[in-house]
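Taking it in order: structure first as structure tokens, then the write-up.
So that the names make sense, note that chain A is the first sequence line, chain B the second, and so on, each numbered from 1.
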Protein chains: 2
Amino acid sequence: MTTPRERYRAQVRAEAMEKAWEQIAASGAPGLSLNAIAKQLGMTGPALYRYFASRDELITELIREGYGSLETAVAAVGEADVAALAGALRAWALADRQRYFLMYGTPVPGYHAPEDTRETARRIMDRLVAACAKAGPDAQSRALRAWTRLHGLLSLELAGHFSGMPVDPAALFESEVESLG
Amino acid sequence: MTTPRERYRAQVRAEAMEKAWEQIAASGAPGLSLNAIAKQLGMTGPALYRYFASRDELITELIREGYGSLETAVAAVGEADVAALAGALRAWALADRQRYFLMYGTPVPGYHAPEDTRETARRIMDRLVAACAKAGPDAQSRALRAWTRLHGLLSLELAGHFSGMPVDPAALFESEVESLG
DNA sequence: TAACTTCAGTGATAGGGTCTAACGCATGAC
DNA sequence: GTCATGCGTTAGACCCTATCACTGAAGTTA
């Protein structure tokens with residue numbers, strides 16, 4: 001049972017997070033400003049503190065949402081093999097670079113992700129392990145290897161480190177996926 | 001021929017960058033403050049603008065320095081094989097996590113590294129290609145693969161994504177290096 | 001040596017940010 | 001219809017980057 005107040009709160013929170021994603025996509029996480037978001041929502045800065053205890057809490061919420069969206073993206077491919085899972089990961093990553101980097105990019109010293117995101121991350125990893133298990137023994141370590149290789153490729157591609165090099169990221173990704181099979 | 005003024009300038013710049021590295025190591029690049037650095041050097045904030053045109057320029061200079069130090073670290077191993085090169089890379093990365101992420105971490109939308117750092121990066125890559133060439137044909141693509149795999153491993157390790165998992169980063173790195181040989 | 005130029009460092013200021021506190025006022029609860 | 005809850009406001013403390021006009025010291029030149 002949700003009260004009208006609760007529904008209102010939830011909606012404002014959702015709108016704020018939507019604007020936050022836009023800001024992060026445009027100027028990165030450090031450029032995210034509660035003040036600017038509030039203005040976009042038609043209110044003054046301090047009002048947003050009714051909805052988020054701090055800027056950090058908003059970012060934490062975004063990270064939570066990020067892990068959630070990755071989990072659903074991964075779950076959407078079903079009981080698939082590693083290649084399909086890898087493809088879904090890449091598509092999800094390319095859909096929003098800064099979202100990927102918010103989760104897997106430069107860590108902030110002293111910041112620790114909340115426990116539930118670590119659990120989500122573990123569930124995602126379990127999917128990868130399950131996919132690896134269908135292709136042979138030693139699924140755990142093969143999944144770990146798959147993760148590190150795909151992340152290496154993706155993070156360099158998303159950061160633009162291949163630009164100016166004669167590299168086709170998609171082909172490189174495909175060939176690396178094959179190396180996992 | 002350097003004048004006393006030039007030498008003084010160079011020294012203040014060097015000291016400022018040293019403090020900057022400390023700040024970045026402690027709180028990440030977004031936490032870097034020209035004001036705080038100036039105070040540590042015993043001057044007021046605006047004085048630092050005699051030495052760096054902006055906060056961005058200081059960070060750019062740090063990135064330049066970072067690429068320089070990686071190049072010398074890589075050059076120090078001489079005409080080595082891929083394994084030695086990889087070991088040097090990991091040691092260099094572990095020596096200062098935030099330095100690694102400043103160069104290979106989350107990109108800032110709209111920011112483009114200056115041309116000379118890209119050249120340095122290319123020279124580093126050439127070393128890797130040369131090392132790969134000693135182990136067989138197709139050195140270019142094998143070097144690229146080595147880079148992405150090692151980066152994936154390193155960036156996840158440095159970001160702490162292995163903590164809480166039963167993973168030995170050093171062993172994982174070693175086994176991945178073997179996969180390249 | 002004296003006059004002059006260059007330049008490091010200052011305080012003041014503009015404009016942005018996070019975040020707290022006190023206050024009006026509307027909404028939903030009884 | 002009264003009343004508590006809580007949303008949004010303004011004001012303000014304290015950060016930040018960055019610019020500007022100014023002081024005074026250092027180096028340069030006549």
Side-chain angles (χ1 to χ4, degrees), chain A residues 1-63 98 102 106 108-111, chain B residues 1-63 98 102 106 108-111:
Chain A
M1 206 64 236
T2 65
T3 69
R5 278 240 161 103
E6 280 171 346
R7 266 176 289 152
Y8 179 75
R9 257 189 93 75
Q11 197 192 325
V12 174
R13 262 180 85 96
E15 283 174 12
M17 288 175 70
E18 200 178 322
K19 300 294 183 190
W21 282 120
E22 289 171 16
Q23 274 194 23
I24 286 184
S27 35
L32 184 140
S33 153
L34 285 194
N35 244 324
I37 292 171
K39 257 166 213 159
Q40 281 188 307
L41 297 185
M43 43 173 110
T44 60
L48 259 194
Y49 285 81
R50 296 272 177 208
Y51 301 91
F52 302 95
S54 69
R55 186 178 175 279
D56 268 21
E57 205 221 74
L58 169 56
I59 293 184
T60 296
E61 217 58 37
L62 294 174
I63 292 176
Q98 287 295 324
L102 198 59
T106 305
V108 177
Y111 177 86
Chain B
M1 207 62 231
T2 67
T3 68
R5 274 224 167 120
E6 281 171 345
R7 266 175 288 151
Y8 179 74
R9 259 189 91 76
Q11 197 193 326
V12 173
R13 262 180 86 96
E15 283 172 15
M17 289 175 69
E18 200 179 321
K19 301 293 184 188
W21 281 120
E22 289 171 16
Q23 273 193 23
I24 286 184
S27 36
L32 183 141
S33 154
L34 283 195
N35 244 322
I37 292 171
K39 256 165 211 157
Q40 282 187 306
L41 297 185
M43 43 174 109
T44 60
L48 259 195
Y49 285 81
R50 296 272 175 205
Y51 300 92
F52 302 95
S54 68
R55 185 177 176 281
D56 267 21
E57 205 221 74
L58 168 56
I59 292 184
T60 296
E61 217 58 39
L62 293 174
I63 292 176
Q98 288 294 326
L102 197 59
T106 306
V108 177
Y111 177 86

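For C:dT18, one of the phosphate oxygens OP1 or OP2 lies less than 4.0 angstrom from a side-chain nitrogen or oxygen of A:Ser33. Here A:Tyr8 reaches the OP1 or OP2 of D:dG8: one of its side-chain N or O atoms lies under 4.0 Å away. Between B:Asn35 and the phosphate of D:dT17, there is a side-chain N or O to OP1/OP2 separation shorter than 4.0 Å.
When heavy atoms are screened at a 4.0 angstrom cut-off, A:Thr44 is found touching base atoms of the nucleic acid. Counting non-hydrogen atoms under 4.0 angstrom, B:Pro4 reaches the backbone sugars and phosphates but no base. Here B:Thr3 lies out of heavy-atom contact (under 4.0 Å) with every strand.
In this structure, the separation between CZ on A:Arg9 and OG1 on A:Thr3 is 10.0 Å, given to the nearest 0.5 Å. Rounding to the nearest 0.5 Å places CG of A:Leu34 at 12.0 Å from NZ of A:Lys39.
The CG atom of B:Leu48 sits 9 Å away from the P atom of C:dG9 (whole-angstrom rounding). As rounded to whole Å, 3 Å separates atom P of D:dG8 from atom OH of A:Tyr51. Nucleotide D:dG8 holds its P atom 14 Å from the CG atom of A:Leu34, rounded to whole Å. Rounding to whole angstrom units, CZ of residue B:Phe52 and P of C:dG9 are separated by 12 Å. Taking atom CD of B:Gln23 as the reference point, atom C1' of D:dC16 lies 12 Å away to the nearest angstrom. As rounded to whole Å, 8 Å separates atom P of C:dC19 from atom CZ of A:Arg55. Atom CE of B:Met43 is separated from atom C1' of D:dG24 by 16 Å (rounded to the nearest Å). Atom-to-atom, CZ of A:Arg7 to C1' of D:dC7 comes out at 17 Å; the value is rounded to the nearest Å.
The side-chain heavy atoms of B:Ile63 and B:Tyr111, taken from C-beta on, include a pair separated by under 4.5 Å.
When each of D:dG27, D:dA18, C:dG9 is scored by its nearest atom to the side-chain atoms of B:Ala47, the top-ranked nucleotide is C:dG9.
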_Trace of the side-chain contact (heavy atoms from CB on, under 4.5 Å) decision for A:Leu102 with B:Thr106_ = CA-CA 8 Å; A:Leu102 198 59; B:Thr106 306; over 6 Å; no
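Not a single donor-acceptor pair, N or O on each side, falls under 3.5 Å between the base of D:dG6 and the side chain of A:Arg50.
The residue among B:Gly42 and A:Arg5 whose nearest nucleotide of DNA chain C is located toward the 5' end is B:Gly42.
Exactly one residue among B:Lys19, B:Arg13, B:Gln11 makes a side-chain hydrogen bond (donor to acceptor under 3.5 Å, both in side chains) with B:Glu15. That residue is B:Gln11.
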